[in-house]
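See structure below.
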Amino acid sequence: MADKKIILTGDRPTGRLHIGHYVGSLRRRVELQNSGEFEKIFIMIADAQALTDNASNPEKVRQNIIEVALDYLSVGLDPEKSTLFIQSQVSELTELTFFYQNLVTVQRLQRNPTVKQEIQMRGYSESAEENANKAGTPVGFFCYPISQAADITAFKATTVPVGEDQEPMIEQTREIVRKFNSTYGDTLVEPEILLPDNASCLRLPGTDGKAKMSKSLGNCIYLADEPETVRQKVMGMYTDPLHLQVSDPGHVEGNTVFTYLDAFCQPEHFDKFGSCFQGRKASFEFHSLDEVKDQYRAGGLGDVMIKNFLFAVLDDTLAPFRARRHELEKDIPYVYEVLRRGSEVARAEAADTLAAVKRSMKINYFDAGVLDELIREQSEKYK
Ligand code: TRP
């Protein structure tokens with residue numbers, strides 16, 4: 001068990017994936033996949049988790065499975081190297097969840113900061129019983145951190161590359177693992193979180209400058225957006241409200257355009273797209289993002305120029321994904337075949353862990369050899 005490194009991670013299929021997902025997790029996954037450092041990599045489309053707050057809208061979840069799969073494949077996740085699968089097709093996960101539920105208290109779940117925040121954002125109310133207009137928190141939703149522990153441990157994952165908002169889930173998983181192992185004997189692997197190393201990628205803000213990209217806020221740039229759409233979204237982006245005239249000194253911190261550049265800009269982009277900084281009124285020659293920032297702070301560098309550059313940088317990243325997506329969209333049977341096969345592989349892996357869990361809990365009554373022993377033991381009692 002010692003040196004094997006295994007990845008499990010995934011996403012809820014509630015919409016197409018956006019560039020926040022990309023810098024927060026997808027880009028890293030592809031790098032890790034291609035690093036050859038991992039013995040196994042499991043990437044899960046978490047449809048069952050998506051249903052915990054979409055019970056009345058299963059069609060939305062169903063439609064988005066293919067969207068997420070297309071996004072995965074188009075950014076470079078490779079089914080030859082990574083197992084892509086659908087959570088609901090691995091029923092062993094629900095069985096593990098059922099046993100883990102006994103190791104977690106209601107009070108501990110109530111303290112989970114991500115769940116707390118999500119309950120608030122969704123408007124689930126404590127007074128739901130008295131107020132017919134308000135919905136309470138679905139039990140399945142409240143418990144999803146436990147099911148997430150099942151997802152991670154079923155695959156013996158050592159490493160979980162996710163965004164910052166998932167930190168409390170990994171922490172709860174680690175607690176469940178320790179509790180299980182100390183109660184029933186060493187069985188489960190304690191995973192570690194792998195966060196993005198670039199601060200701008202930890203939580204990419206929306207195009208409106210709000211803390212997070214979210215479909216409901218309409219402030220996302222999707223991986224599948226066409227260039228014209230990306231351009232419009234970039235041109236409408238929130239910058240520095242105090243930078244009214246081009247000549248005014250500008251602020252870089254909290255300026256969304258610069259946060260995106262921090263997340264996406266590579267040294268070679270200055271050679272490729274330097275012409276964005278050549279205008280009729282003013283021209284600049286920059287060799288690094290720091291130089292651009294210095295000029296912006298000093299004044300004289302307009303938002304439109306930087307937005308043109310950002311668009312070029314983003315499009316440079318997104319164009320190959322878009323091209324691959326268009327190819328894959330012509331071969332939907334292939335995409336489902338990838339998921340079907342992946343789900344089969346995932347199921348075998350999870351079944352192996354479930355068997356070990358039942359063995360440790362001694363609820364494997366009818367396993368080979370176990371029944372004989374059980375009969376002997378119980379007969380002894382009644383002699
Ligand atoms: N909660 C994750 C999200 O919101 C999806 C997810 C489900 C997940 N199970 C997981 C992520 C296990 C990492 C590991 O996107």
Side-chain angles (χ1 to χ4, degrees), residues 6-26 28-29 32 38 40-54 60-61 64-65 67-69 71-72 77 82-90 92-94 96-97 100 109 112-119 121-122 138 140-177 188-196 202-204 212-216 220 223 342-343 346 349-350 353:
I6 298 175
I7 286 178
L8 175 114
T9 185
D11 302 273
R12 295 180 196 171
T14 52
R16 289 181 165 186
L17 301 180
H18 52 62
I19 62 172
H21 292 115
Y22 180 67
V23 294
S25 175
L26 294 172
R28 190 65 165 291
R29 288 182 207 172
L32 296 171
F38 292 85
K40 293 179 190 165
I41 300 175
F42 296 94
I43 312 284
M44 179 180 76
I45 301 183
D47 63 333
Q49 186 174 109
L51 285 167
T52 63
D53 66 330
N54 284 286
K60 172 170 117 186
V61 175
N64 279 306
I65 286 176
E67 298 299 336
V68 171
D71 287 332
Y72 280 171
L77 289 174
S82 299
T83 302
L84 309 184
F85 72 100
I86 304 179
Q87 185 185 28
S88 64
Q89 302 310 294
V90 182
E92 286 77 5
L93 297 174
T94 59
L96 287 172
T97 304
Y100 296 173
L109 276 173
N112 184 308
T114 299
V115 175
K116 234 188 200 167
Q117 193 193 358
E118 286 176 319
I119 286 175
M121 267 169 43
R122 284 162 180 69
F141 182 79
F142 180 63
C143 297
Y144 90 76
I146 305 176
S147 114
Q148 198 155 329
D151 301 336
I152 294 167
T153 55
F155 299 95
K156 308 168 185 76
T158 54
T159 313
V160 187
V162 280
E164 194 185 28
D165 61 325
Q166 296 298 303
E167 211 162 4
M169 307 304 155
I170 313 309
E171 196 41 52
Q172 270 215 280
T173 301
R174 291 165 61 89
E175 285 174 34
I176 290 171
V177 167
L188 302 174
V189 178
E190 196 170 323
E192 284 185 24
I193 190 169
L194 194 60
L195 290 169
L202 267 183
R203 182 164 299 205
L204 198 73
K212 203 178 168 180
M213 269 201 184
S214 118
K215 194 172 47 163
S216 52
C220 304
L223 292 172
S343 300
E349 191 66 43
T353 302

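One-based numbering, in listed order, for ligands and for the atoms of each. Side-chain atoms are counted along with the backbone in the values below, which use heavy atoms only and exclude waters and symmetry mates.
Ring geometry, F42 versus F155: the interplanar angle falls from 30° to 60°, so the pair is classed tilted.
The cationic atom of R12 (NZ for Lys, CZ for Arg) lies less than 6.0 Å from the six-membered ring centre of Y144 and within 45° of the ring axis.
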Verdict with reasoning, M44 to T9, per side chain to side chain contact (heavy atoms under 4.5 Å, CB included): CA-CA 6 Å; M44 179 180 76; T9 185; over 6 Å; no
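Enumerated by chain and number, the residues approaching ligand 1 to less than 4.0 Å through a heavy atom are L8, T9, G10, D11, R12, M44, A46, Q49, Q148, D151, I152, V160, V162, Q166.
Between K212 and D165 there is a salt bridge, since a side-chain N of the basic residue sits under 4.0 Å from a carboxylate O of the acidic one. Electrostatic pairing of D71 and R16 does not count as a salt bridge here, judged by no charged N lying under 4.0 Å from a carboxylate O.
Partner of Y100 under the side-chain contact (heavy atoms from CB on, under 4.5 Å) criterion, chosen from T173, L188, V177: L188.
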